[in-house]
Structure formats: C-alpha cells, structure tokens
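Side chains included, hydrogens not; waters and symmetry mates left out as well; all remaining heavy atoms used. None of these values were measured; they are calculated from a predicted model.
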Amino acid sequence: DFGTKMVKRYQFKEDLLHPRKDDEARKHKLKRLVQSPNSFFMDVKCPSCHRIMTVFSHATTVVLCGNCQTVVCQPTGGKARLAEGMSYRRKN
C-alpha cells in the first residue's frame with residue numbers, strides 16, 4: 001500500500017534558509033548563502049583639515065591626505081589600518 005509509508009523528517013540545529021547574521025559574517029565570502037565581498041569603500045575624514053576622501057578598505061599603498069599630506073591609512077596583510085584620530089563611514 002503506497003499511502004501508508006512513513007516519511008522521516010530531519011531537524012537541523014539551525015535554519016539553513018535564514019542563517020543568523022553573525023554566522024554569515026564569519027563564513028568565507030564564497031560560502032555564504034548570498035555571496036558578497038569583504039571589502040568596501042569608505043569616506044574617511046582627516047582630523048587636521050576636515051577633508052573627506054574615499055578610501056578602499058583593503059588599500060595596498062599608504063594613503064595620504066591630498067590637502068595636508070597626513071597619513072590616512074597604512075596597508076597590512078588584509079584590511080588597511082586607519083591612522084590615529086581618523087573617523088570613517090562605510091559607503092553603500
């Protein structure tokens with residue numbers, strides 16, 4: 001009889017269609033539910049001359065302020081490190 005078959009239902013520890021944000025942030029950029037890059041552009045404000053400039057988050061060269069020649073960020077192996085006193089805003 002075909003109608004009396006028991007169907008086993010498996011329950012997962014987490015919802016695979018609606019993962020938590022912090023779990024997704026820890027995953028590799030290609031293994032997320034929706035692939036997205038880790039890098040971004042940001043507006044950085046120079047504290048001495050108050051000029052706002054656009055800087056890449058993973059910059060590979062030293063970025064200087066175009067107005068006062070202050071160092072804005074230093075490259076590291078991954079994300080660039082902002083200099084002391086710099087404030088930034090992530091661009092969309």
Side-chain angles (χ1 to χ4, degrees):
D1 188 82
F2 294 110
T4 59
K5 270 191 177 179
M6 292 285 288
V7 177
K8 266 191 177 180
R9 291 191 182 248
Y10 295 100
Q11 290 198 349
F12 292 102
K13 291 180 183 176
E14 60 186 59
D15 188 0
L16 297 177
L17 287 177
H18 307 292
R20 294 191 333 227
K21 255 189 175 180
D22 57 326
D23 289 341
E24 284 290 292
R26 269 185 270 132
K27 285 186 181 178
H28 187 269
K29 63 183 179 180
L30 296 178
K31 302 226 178 193
R32 295 180 186 141
L33 188 61
V34 177
Q35 295 179 3
S36 62
N38 296 327
S39 57
F40 53 91
F41 286 94
M42 54 189 171
D43 282 334
V44 180
K45 186 177 183 181
C46 180
S48 58
C49 67
H50 303 291
R51 184 175 180 195
I52 296 175
M53 62 208 88
T54 302
V55 178
F56 188 57
S57 64
H58 289 65
T60 56
T61 59
V62 175
V63 178
L64 301 174
C65 178
N67 205 20
C68 63
Q69 299 302 310
T70 307
V71 175
V72 175
C73 67
Q74 295 272 347
T76 62
K79 286 190 178 180
R81 182 180 349 196
L82 287 176
E84 192 92 13
M86 298 287 172
S87 58
Y88 76 97
R89 177 181 64 197
R90 189 174 178 154
K91 284 188 139 186
N92 290 338

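Its side chain within the 4.5 Å cluster rule, Leu64 clusters with Val62, Val71 among the Ile, Leu, Val, Met, Phe, Trp and Tyr residues.
Arg51 meets the side chain to side chain donor-acceptor pair (under 3.5 Å) test with no other residue; sequence neighbours excluded. Scored by the side chain to side chain contact (heavy atoms under 4.5 Å, CB included) test, Leu17 finds Asp15 as partners (sequence neighbours excluded). For Phe41, the ring-ring contact (aromatic ring centres under 6.0 Å, His included) partners at least two apart in sequence or on another chain are Phe56.
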For residues 78-92, please give each side-chain donor-acceptor pair under 3.5 Å, one per line with the distance, not counting sequence neighbours.
| unit_1 | atom_1 | unit_2 | atom_2 | d |
| --- | --- | --- | --- | --- |
| Arg89 | NH2 | Asp43 | OD2 | 3.0 |
| Lys91 | NZ | Thr54 | OG1 | 3.2 |

Review item, side-chain donor-acceptor pairs of residues 20-29, under 3.5 Å, at least two apart:
| unit_1 | atom_1 | unit_2 | atom_2 | d |
| --- | --- | --- | --- | --- |
| Arg20 | NE | Asp22 | OD1 | 3.4 |
| Asp23 | OD1 | Arg26 | NH2 | 2.9 |
| Glu24 | OE1 | Leu33 | N | 3.0 |
| Glu24 | OE2 | Lys27 | NZ | 3.4 |
| His28 | ND1 | Leu30 | N | 3.1 |

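Side-chain contact between Met53 and Cys65 is present, with heavy atoms from C-beta onward closer than 4.5 Å.
Under a hydrophobic clustering in which Ile, Leu, Val, Met, Phe, Trp and Tyr are joined whenever their side-chain heavy atoms come within less than 4.5 Å, directly or via other members, Val55 and Phe40 fall into the same cluster.
The structure places NE2 of His58 at 11.0 Å from OG1 of Thr60, a figure rounded to the nearest 0.5 Å.
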